[in-house]
Amino acid sequence: MPNLAVIPGDGIGPEVVAEALKVLDAVEHAFRPGIRIERFPYGADHYLATGVTLPAEQMRRLGTDFDAILVGALGDPRVPRNEHARDILLGMRFQLDLYVNERPARLFDERLTPLKGKRVDDIDLVIFRENTEGLYVSVGGTFKEGTADEITIAEELNTRRGVERIVRYAFEWARAHEKRHVTMADKANAIPAHALWRRVFEQVGSEYAEVQRETRYVDAMAMDLVRTPEQFQVIVTGNLFGDILSDLASILVGGLGLAPSANRHPGRVAMFEPVHGSAPPLAGKDVANPMAAILSLGMMLDTLGHGSAAATIERATRSAIEEGMTTPDLGGNKGTRAVGDWIAERVRRV
Ligand code: NAD
Ligand code: IPM
Ligand code: MN
């Protein structure tokens, strides 16, 4: 029986996770995967009340006792330095060593893209973001804080092992999904250390003769993602560039409200979450789009071996979009709960 840990988190996180769990309930009814759920209270409220972010013992349990983790979002204006979210979210990515951050962007409906003249087939890409290194490692520090002489340093960490494993994952994924093109984004023209990425990309990529490889500077890639998204199938890049490019890619297909993601390390627990954050201005208003959370649940079910349940969730989500059962971010006038109810009902009836 698969064990699922659920961390709804902050802001709109609990609202969108509630809809994903409604859909999971419908999946239980229709497909009987028998998933056992345990909820965790970690987030800003819990941190502000107790000073606890995510206890080490619970982090250990997440790694050993669970098959998957479903997260809403973490981030709250009452925690100005975001330390609880760093401990919880980046804590899971780093400590569980979930080095693959998989962020697909597929256009479900032509009406959802802000790009002129792009068709459904033109935008179908996946970003593999390195998830455990880069500028996110908090190596560095601040000296003379708050004075005119303040100095702050943030080191970007790239290891041969870390770069190689994400690049290899991207090529393996391309091969398994019959994609013929992998593009790597770096900034090797300005940051000499990125030569490591180029070397590893060349060496690893040469083992995949059927897959074309291309390196791009990230600034030009950002432009081309908007100009000609059809040239991209699989993108592999570092932690910060992947963070930025994945928000950009999301708006090409309808926005953050539709963007799911997976945090993986083959053979270990995987964590699934919307790409979006806690969107504080939307919280508590029943307006947040639950589809990113619902599609993240789909990625989870697919990973747990329930591909037909995942496909059903995706079909139901596409139907909701076609029929205008959408929240305001997608042009509709439905609420978070109404969209979740509708998708859950579709799934239940298969
Ligand atoms: P955000 O993703 O919360 O919001 C960015 C924009 O997208 C806003 O205009 C928001 O209204 C819109 N949006 C996001 N999700 C939506 C949804 N489901 N439906 C409709 N519209 C949606 O990013 P932000 O405002 O930069 O960050 C807010 C907080 O969330 C910060 O504390 C940030 O650190 C945190 N954050 C957390 C995660 C995560 O938990 N994985 C990801 C990103 C940001
Ligand atoms: C994301 C978020 C996080 C990140 C923040 C909240 C630390 O933006 O999941 O994309 O930068 O990875
Ligand atoms: Mn982000």
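Whatever order the structure lists ligands and atoms in, that order sets their numbers, starting from 1.
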- Task: Begin from the C-alpha positions of D243 and Y136 and carry the test side chain to side chain donor-acceptor pair (under 3.5 Å) through to its verdict.
- Result: CA-CA 11 Å; D243 178 47; Y136 275 64; 3.2 Å; yes

- Message: side chain to side chain donor-acceptor pair (under 3.5 Å), that's the test. Do T303 and R264 meet it? Break it down for me.
- Response: CA-CA 10 Å; T303 302; R264 309 180 185 278; 2.9 Å; yes

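Protein N/O/S atoms closer to the Mn ion (ligand 3) than 2.8 Å number 1 in this structure.
Formation of a donor-acceptor pair under 3.5 Å by the E15 side chain with backbone atoms of G284 is found in this model. A distance-only check finds a donor-acceptor pair linking the side chain of R86 to the backbone of R81 [under 3.5 Å].
Under 3.5 Å, the side chains of Q231 and T228 contain a donor-acceptor pair of N or O atoms. A donor-acceptor contact under 3.5 angstrom links the side chains of E130 and T132, judged on distance only. Checking T53 against D87 by side-chain atom types alone, a donor-acceptor pair falls below 3.5 Å.
L89 CD2, 4.0 Å is the protein heavy atom nearest to atom 6 (C) of ligand 2. The protein non-hydrogen atom at the shortest distance from atom 7 (C) of ligand 2 is L90 CD2, 4.1 Å. The protein atom (non-hydrogen) at minimum distance from atom 2 (C) of ligand 2 is D243 OD1, 4.0 Å. The single protein non-hydrogen atom nearest to atom 11 (O) of ligand 2 is Y136 OH, 2.5 Å, given as residue, atom name and distance.
Below 3.5 Å of separation, one finds no N or O of E273 facing any N or O of ligand 2. Checked by distance only, ligand 2 and R93 come closer than 3.5 Å through their nitrogen or oxygen atoms.
Between Y99 and Y169, the angle of the ring planes goes over 60°, which puts this pair in the perpendicular group of the 30/60° scheme. The aromatic rings of Y42 and H46 sit perpendicular, their planes meeting at an angle over 60°, well past the 30° parallel limit.
Contact check for L256 versus D247: side-chain heavy atoms found under the 4.5 Å cut-off. Using a 4.5 Å heavy-atom threshold, the side chains of L196 and R160 count as touching.
E178 CD: 12 or fewer foreign heavy atoms inside a 6.0 Å radius.
For F171 and F201, the distance between ring centers is under 6.0 angstrom.
The R103 neighbourhood of ligand 2 comprises atoms 1 (C), 9 (O), 10 (O), with distances under 4.0 Å to a heavy atom of that residue.
Counting heavy atoms closer than 4.0 Å to ligand 2, residue H276 contributes nothing at all.
Listed by chain and residue number, the protein contacts of ligand 1 are I12, A73, L74, G75, D76, N82, L89, L256, G257, E273, V275, H276, G277, S278, A279, P280, L282, A288, N289, D329 (heavy atom within 4.0 angstrom).
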